[in-house]
2 protein chains.
Amino acid sequence: MAAQRTILVVEDERAIADAVAARLRAEGFLVHCVGDGPAAVEAARRIRPDAVVLDVMLPGFDGLEVCRRLQAERPVPVLMLTARDDETDLLIGLAVGADDYLTKPFSMRELTARVHALLRRMTKASAGEPPIVLGDLEINRAERRVTRAGVEAHLTPTEFDLLVHLAGRPRTVLPRERLLADVWGWADASGTRTVDSHIKGLRRKLGADLIRTVHGVGYALEVDR
Amino acid sequence: MAAQRTILVVEDERAIADAVAARLRAEGFLVHCVGDGPAAVEAARRIRPDAVVLDVMLPGFDGLEVCRRLQAERPVPVLMLTARDDETDLLIGLAVGADDYLTKPFSMRELTARVHALLRRMTKASAGEPPIVLGDLEINRAERRVTRAGVEAHLTPTEFDLLVHLAGRPRTVLPRERLLADVWGWADASGTRTVDSHIKGLRRKLGADLIRTVHGVGYALEVDR
DNA sequence: GCCGGTCGTGAAGGAAGTGTGGAGATCAAG
DNA sequence: CTTGATCTCCACACTTCCTTCACGACCGGC
């Protein structure tokens with residue numbers, strides 16, 4: 001059986017939002033609605049929708065900015081709703097990570113067709129979130145499991161997030177400040193040994209050879225190509 | 001026989017409401033009655049009826065508005081009761097998501113026939129999905145029954161819905177906020193301990209090994225592929 | 001080889017998250 | 001009205017995790 005998919009609808013006009021939500025629910029989706037940009041980013045972080053239907057015209061910050069932030073946090077397919085037939089919006093939209101678009105006014109039938117297509121393309125392309133495989137290291141983000149050479153390691157939440165960030169750029173040295181900013185969200189990066197502590201944990205659980213220290217700079221994931 | 005079906009009756013005339021409720025109970029349904037629009041929306045959110053019998057003439061806001069809101073939250077078959085033989089009401093009613101209608105006065109026999117038809121259509125629509133089988137766990141959505149290793153467990157409605165959502169993405173970690181949003185329909189992320197409570201119930205009834213806790217994130221259904 | 005700065009490591013205190021039982025509320029049925 | 005079932009929330013105990021500190025080892029420039 002196919003899992004029930006969740007759609008986040010970002011639309012400030014209540015009437016449109018309700019209509020879209022009702023139709024998508026009738027299609028068997030779980031639907032959540034928010035009315036502005038900040039709420040959209042927040043909601044996406046919490047509920048991790050399978051797709052987002054996004055109006056470009058929003059209070060707060062505009063849809064393009066929302067789209068950019070969503071993509072920055074976690075790749076998610078986005079269907080943009082553009083009020084006018086404006087090529088500028090469209091091109092920018094596709095540039096910041098939208099996967100498809102609809103020009104208002106649109107029919108509900110058209111909307112559901114696009115959403116289905118988006119999810120189909122998504123599952124075909126990535127089957128949700130495919131495990132990251134780097135040499136003998138395997139990271140399953142959806143299940144939050146990690147194995148090396150087939151053996152599973154139990155990582156703490158921070159260790160897992162740290163490893164995922166390192167794995168995002170294998171063999172690249174990531175400065176401590178960068179890791180603190182990305183994983184911990186700390187702007188201030190002064191004199192903390194916190195990163196080192198968690199690197200220690202990763203090395204103990206996954207093998208000391210996995211992570212290379214670059215003196216005075218940071219760490220890099222050393223793994224076979 | 002399948003699990004007992006629940007019907008929500010929305011009707012402000014007490015005499016009619018009582019008569020309808022009595023007859024439907026005699027037919028073996030669980031029946032809840034409310035007398036106005038806001039109460040109807042509220043009740044539907046809580047008890048999740050299998051069908052709604054809805055008078056178009058209501059205090060508060062009218063039946064059409066109720067119907068629209070019900071559909072917006074969760075698709076549910078609606079039988080509308082129209083006082084007069086007014087095509088306008090009827091057409092609008094069907095447009096906003098009502099599935100069938102009855103013109104007053106109507107016979108009880110006619111009412112029960114329509115309700116049965118509504119539910120039959122409904123179960124047929126969802127019977128296309130066979131029971132979910134995951135390892136030794138079997139979930140029959142149509143009958144709302146669950147067995148593990150062949151033994152049936154009696155789950156409360158919330159526990160059942162929660163289990164279905166976990167089973168929709170086996171082995172995938174679902175954040176508490178996501179579950180709260182999908183199962184409870186709470187946009188607001190507070191009260192996440194409620195999830196824990198119902199997980200407790202599931203573990204007690206189905207075995208502690210069925211659900212994996214992922215510290216700081218949420219839960220995942222652990223089951224053989 | 002020396003020295004200042006950097007890093008690895010173990011331990012410890014405190015913070016955060018989770019399991020659990022039960023109280024209180026709600027609602028329908030008898 | 002009372003009973004039974006359910007849901008939400010709370011308090012407490014318990015577990016897991018994070019951060020920091022201290023100390024010794026290491027690195028690189030001189």
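Chain naming here is simple, since letters A, B, ... match the order of the sequence lines and numbering starts at 1 in each.
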Does B:Arg25 come within less than 4.0 Å of B:Asp18, counting only side-chain N to carboxylate O? no
Tell me, do [X] and [Y] make a side-chain contact under 4.5 Å, heavy atoms counted?
X        : Y        : answer
B:Val115 : B:Ile7   : yes
B:Thr194 : B:Asp196 : no
B:Leu54  : B:Leu79  : no

Near DNA chain C, counting only heavy atoms under 4.0 Å, which residues of residues 202-213 of chain A show up? A:Arg203, A:Thr213
Testing B:His198, B:Arg204, B:Lys205 for side-chain hydrogen bond (donor to acceptor under 3.5 Å, both in side chains) with B:Glu159, which one passes? B:Lys205
Please work out if [X] contacts a base, only the sugar-phosphate, or nothing of the nucleic acid, heavy-atom cut-off 4.0 Å.
X        : value
A:Ile199 : nothing
B:Val214 : sugar-phosphate
B:Tyr219 : sugar-phosphate

Between A:Thr6 and B:Arg178, is any side-chain donor less than 3.5 angstrom from a side-chain acceptor? yes
Whichever of B:His154 and A:His154 has its nearest DNA chain D nucleotide further upstream toward 5': B:His154
Rounded to the nearest 0.5 Å, what's the gap from CG on A:Leu221 to OG1 on A:Thr172? Could you check? 9.5 Å
First and last nucleotide of DNA chain C, 5' to 3', lying under 4.0 Å from heavy atoms of chain B: C:dG17 to C:dA29
Reading nucleotides 18-30 of chain D from the 5' end, what letters show protein touch, with B for base, S for backbone sugar-phosphate only, - for no heavy atom under 4.0 Å? SBB-B----S---
When the distance from [atom1] of [X] to [atom2] of [N] is rounded to whole Å, what number comes out?
X        : N     : atom1 : atom2 : result
B:Leu162 : D:dT8 : CG    : P     : 11 Å
B:Arg46  : D:dT8 : CZ    : P     : 11 Å
B:Leu179 : D:dC7 : CG    : P     : 15 Å
B:Leu30  : D:dG4 : CG    : C1'   : 14 Å

Output every pair passing salt bridge (charged side-chain N to carboxylate O under 4.0 Å, His left out) with a member in residues 146-158 of chain A, not counting sequence neighbours, ordered by first then second residue. A:Asp136-A:Arg148, A:Arg145-A:Glu152, A:Arg148-A:Asp209
Result for 5'-nearest mapping on DNA chain C, choosing between B:Arg25 and A:Asp196, is A:Asp196
Start with the C-alpha distance between A:Arg141 and A:Val164, add both sets of side-chain angles, then the distance that settles side chain to side chain contact (heavy atoms under 4.5 Å, CB included), and finish with yes or no. CA-CA 8 Å; A:Arg141 300 230 280 158; A:Val164 166; 3.6 Å; yes
A:Arg203: what forms a side chain to side chain donor-acceptor pair (under 3.5 Å) with it, not counting sequence neighbours? A:Thr213
Residue pairs involving residues 26-47 of chain B (criterion ring pair (Phe, Tyr, Trp, His ring centres under 6.0 Å); sequence neighbours excluded): B:Phe29-B:His116
